[in-house]
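A quick note: this is a predicted structure, and the numbers were derived from the prediction, not measured. In what follows, chains are A, B, ... by sequence order, proteins preceding strands, each numbered from 1. Computed from heavy atoms alone, side chains included, the values below leave out hydrogens, waters and symmetry copies.
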2 protein chains.
Amino acid sequence: MVIGGRRSGRPTLEEVAARAGVGRGTVSRVINGSPRVSDHAKAAVEAAIAELGYVPNRAARALAGNRTDAIALVIPEAETRLFAEPYFSDIIRGVGAELADTDMQLLLTLLRTPKERQRFAQYLTAHRVDGVLLASVHEDDPLPDLLEQLEMPTVLSGRRSDLESVSYVDSDNVGGARSAVAHLLGLGRRSVATITGPLDMYVARCRLDGYRQAVEGAGLLHDNALVAAGDFTEEGGRAAMRALLERRPDVDAVFAASDVMAGGALQVLREKGRRVPDDVALIGFDDSAIARHTDPPLTSVRQPIEEMGRTMARVLLEEIAASTATRRHVVLSTELVRRESA
Amino acid sequence: MVIGGRRSGRPTLEEVAARAGVGRGTVSRVINGSPRVSDHAKAAVEAAIAELGYVPNRAARALAGNRTDAIALVIPEAETRLFAEPYFSDIIRGVGAELADTDMQLLLTLLRTPKERQRFAQYLTAHRVDGVLLASVHEDDPLPDLLEQLEMPTVLSGRRSDLESVSYVDSDNVGGARSAVAHLLGLGRRSVATITGPLDMYVARCRLDGYRQAVEGAGLLHDNALVAAGDFTEEGGRAAMRALLERRPDVDAVFAASDVMAGGALQVLREKGRRVPDDVALIGFDDSAIARHTDPPLTSVRQPIEEMGRTMARVLLEEIAASTATRRHVVLSTELVRRESA
DNA sequence: CGATAGTGTGGGAGCGCTCCCACATGTGAT
DNA sequence: ATCACATGTGGGAGCGCTCCCACACTATCG
């Protein structure tokens with residue numbers, strides 16, 4: 001590796017051209033992989049690049065080419081709290097992996113305050129990124145619409161509703177929930193309850209739908225007393241579990257829409273003297289670290305989150321490359337990870 | 001907020017100048033906060049900027065000014081696995097918070113493969129960032145030295161050794177460990193063991209030092225049989241705990257150098273029928289989510305990680321702004337969070 | 001053999017800034 | 001009045017690229 005060199009600055013395209021004995025245009029074409037270059041010229045340029053240790057100046061490229069070679073990964077306000085969850089790091093790792101072979105830069109943008117959102121809107125209008133990855137959106141989030149309006153290539157992780165128009169990559173929440181509940185039913189449980197997430201979140205409704213489909217598919221009657229609303233927090237899981245035991249003391253299985261809530265439910269079940277899984281079987285969602293650390297370890301539905309991140313990046317790059325606006329909706333399948341709680 | 005506008009592109013500095021009835025130079029001076037501008041001109045320019053919704057073109061600035069207004073947060077290979085740990089997300093949140101009021105961009109760089117490291121070295125020589133934050137370095141990591149050689153402003157989280165020359169922000173690992181072990185001793189425990197991290201990591205050695213200081217400070221003999229090497233993984237914690245029980249069945253307290261390892265140790269203790277904290281008191285390090293979810297919940301040493309992130313960003317910005325190379329070493333104090341395991 | 005179409009190539013223009021020189025104007029000392 | 005110096009200002013030059021036009025040179029055809 002060549003570090004530093006003659007002169008004050010790094011070599012420029014022009015210097016490469018001089019060394020290779022060609023014009024600026026030809027060097028540019030080689031760098032950008034244009035097919036309209038003779039093998040001979042290409043070889044000479046590549047040699048010159050290697051000799052000089054030339055690396056293109058990003059800013060100059062961006063200025064001349066009216067692009068930035070950078071994409072933003074945006075983590076909205078509500079999520080910065082949950083940032084520690086494996087969800088985001090796995091997304092980031094997936095995105096990073098996919099981008100590693102590109103020379104696309106990844107900008108991390110945390111949007112906590114309205115002021116920061118405002119500032120980010122400026123970023124966008126100032127065309128400081130070529131595209132945006134939006135990690136986890138709420139139903140009423142206007143950001144995707146702003147992005148669409150600005151014709152900024154965008155990919156969401158998850159979606160706001162069935163009608164989501166912006167490109168997204170989501171996991172099969174309905175199917176995951178369905179398979180979890182089917183598993184409980186297959187164990188012979190007949191009073192299968194669910195603890196839902198906040199129902200103003202699409203993901204929570206999907207998981208509830210999956211629960212319903214499985215229950216009804218087994219020819220059982222859907223009983224609203226078996227559905228308790230949680231909010232994806234541990235305390236919410238505890239409250240929901242208490243309510244369920246109150247309403248239906250005969251409950252023999254619970255599907256919680258997140259591991260955190262399942263953890264809360266587990267505490268209450270133990271308090272109330274119910275054995276897991278003997279008296280009550282329990283399944284969570286996310287297959288997070290918590291699932292491995294509860295006693296007993298939680299059976300849980302795993303989402304392929306890193307894969308989601310990779311896919312998001314891939315879809316975004318395609319969207320940036322495409323001349324016409326395309327929308328892609330990708331749903332990745334989930335997998336039931338069996339442990340001792342069910 | 002003005003979105004879009006007349007013409008094809010966003011307004012330029014020149015247009016702002018025309019509108020304000022001044023020259024390009026004056027607008028530039030206003031934007032960059034130069035004191036050499038009359039109040040009158042300044043007001044006119046600011047009005048024009050607001051009316052046009054002008055946002056400076058970053059690429060043009062970078063090209064003309066020979067800087068990037070971007071810093072890289074680098075997460076080296078070994079750590080991408082641990083990325084889910086609150087450590088990194090807290091660092092990121094802190095950095096993000098500190099940068100929010102700046103117009104410095106945060107680039108996330110995961111360095112997994114040697115190839116990616118190589119590529120990153122090119123980034124650096126190509127001057128694509130103004131500074132680098134390096135999250136968690138290993139003792140033999142050459143990256144800090146490369147950065148120093150390139151005169152790239154750099155701040156580490158943690159340090160490689162006592163002699164670290166590059167700027168860093170670290171937490172008081174020695175003091176944290178010491179207080180944890182002192183707490184165990186204060187409980188009347190006399191056979192206090194420790195599960196260390198990998199001893200080629202400075203942070204692991206610091207925590208071991210703290211352990212030693214506390215033990216010796218209490219007038220006890222240091223027994224090597226009470227020291228088991230782990231590797232910051234759960235499995236490592238399990239193995240170390242098994243070794244400890246084998247060597248010193250009389251062990252009545254354990255200080256693990258991370259919560260993850262403490263979690264592993266806890267499993268083994270339960271397997272072997274030891275009650276926590278009755279038979280064996282246990283303390284972890286990091287105060288991570290795991291600590292709250294084990295049974296019993298772990299007493300643990302908390303580091304002010306988000307604060308570390310904030311400080312890192314602050315120090316880096318100062319270093320970038322400073323004309324001369326400065327080195328700053330900041331050590332933040334830790335706190336023992338008491339739960340039921342000790 | 002000229003016309004027509006491809007290929008490869010050089011280099012001008014220009015992207016939107018910052019830097020800095022030159023100059024205008026103002027102020028106080030001589 | 002003259003000089004010295006600070007203060008404010010306009011605009012040329014140039015950062016390192018990409019885009020694209022113009023041109024040279026080939027092939028292919030009737």
Report the distance from atom CG of A/N66 to atom C1' of D/dC17, rounded to the nearest whole Å.
13 Å
For A/N66, does the CG atom sit with more than 12 other heavy atoms under 6.0 Å from it, leaving out its own atoms?
no
What I want to check is whether the side chains of B/T326 and B/E319 have a donor and an acceptor closer together than 3.5 Å.
no
With no angle test and no hydrogens, is the base of C/dG6 tied to the side chain of A/R36 by a donor-acceptor pair under 3.5 Å?
no
If we only count heavy atoms from C-beta on, is the A/I305 to A/R310 side-chain gap below 4.5 Å?
no
Under 4.0 Å between any heavy atoms, over every strand shown, what does A/R58 touch: base, sugar-phosphate, or nothing? Just pick one.
nothing
Given the structure, check if the side chain of B/R29 and the base of D/dG10 hold any donor-acceptor pair shorter than 3.5 Å.
yes
Just the rounded figure in Å: distance from C1' of C/dG8 to CG of A/D39.
12 Å
Distance check needed: D/dC17 P versus B/N57 CG, whole Å only.
16 Å
For a quick test of reading the model: is some side-chain N or O of A/N32 closer than 4.0 Å to OP1 or OP2 of D/dT18?
yes
Which nucleotide in the list D/dC17, C/dC17, C/dG10 gets nearest to the side chain of A/R61?
D/dC17
For A/Y123, is the NZ or CZ atom of A/R128 found under 6.0 angstrom from the centre of its six-membered ring and inside 45 degrees of the ring axis?
yes
Would you indicate which nucleotide in D/dT18, C/dC17, C/dT9 comes nearest to any side-chain atom of A/V37?
C/dT9
So A/R24, base contact, sugar-phosphate only, or nothing? Heavy-atom distance under 4.0 Å.
base
Among C/dG10, C/dT18, D/dG16, the one nearest A/T26 by side-chain distance:
C/dG10
Name the residue closer to the 5' end of DNA chain D, choosing between A/A64 and B/S38 according to the nucleotide with the nearest heavy atom.
B/S38
Would you mind classifying the nucleic acid contact of A/A17 as base, sugar-phosphate or nothing, using non-hydrogen atoms under 4.0 angstrom?
nothing
Result of checking A/V132, A/L99, A/L133 against A/L316 for side chain to side chain contact (heavy atoms under 4.5 Å, CB included):
A/L133
Counting the atoms with a prime plus P, OP1 and OP2 as sugar-phosphate, which does B/A59 contact under 4.0 Å by heavy atoms, base, sugar-phosphate, or nothing?
nothing
What integer distance in Å separates B/D69:CG from D/dC15:P?
20 Å
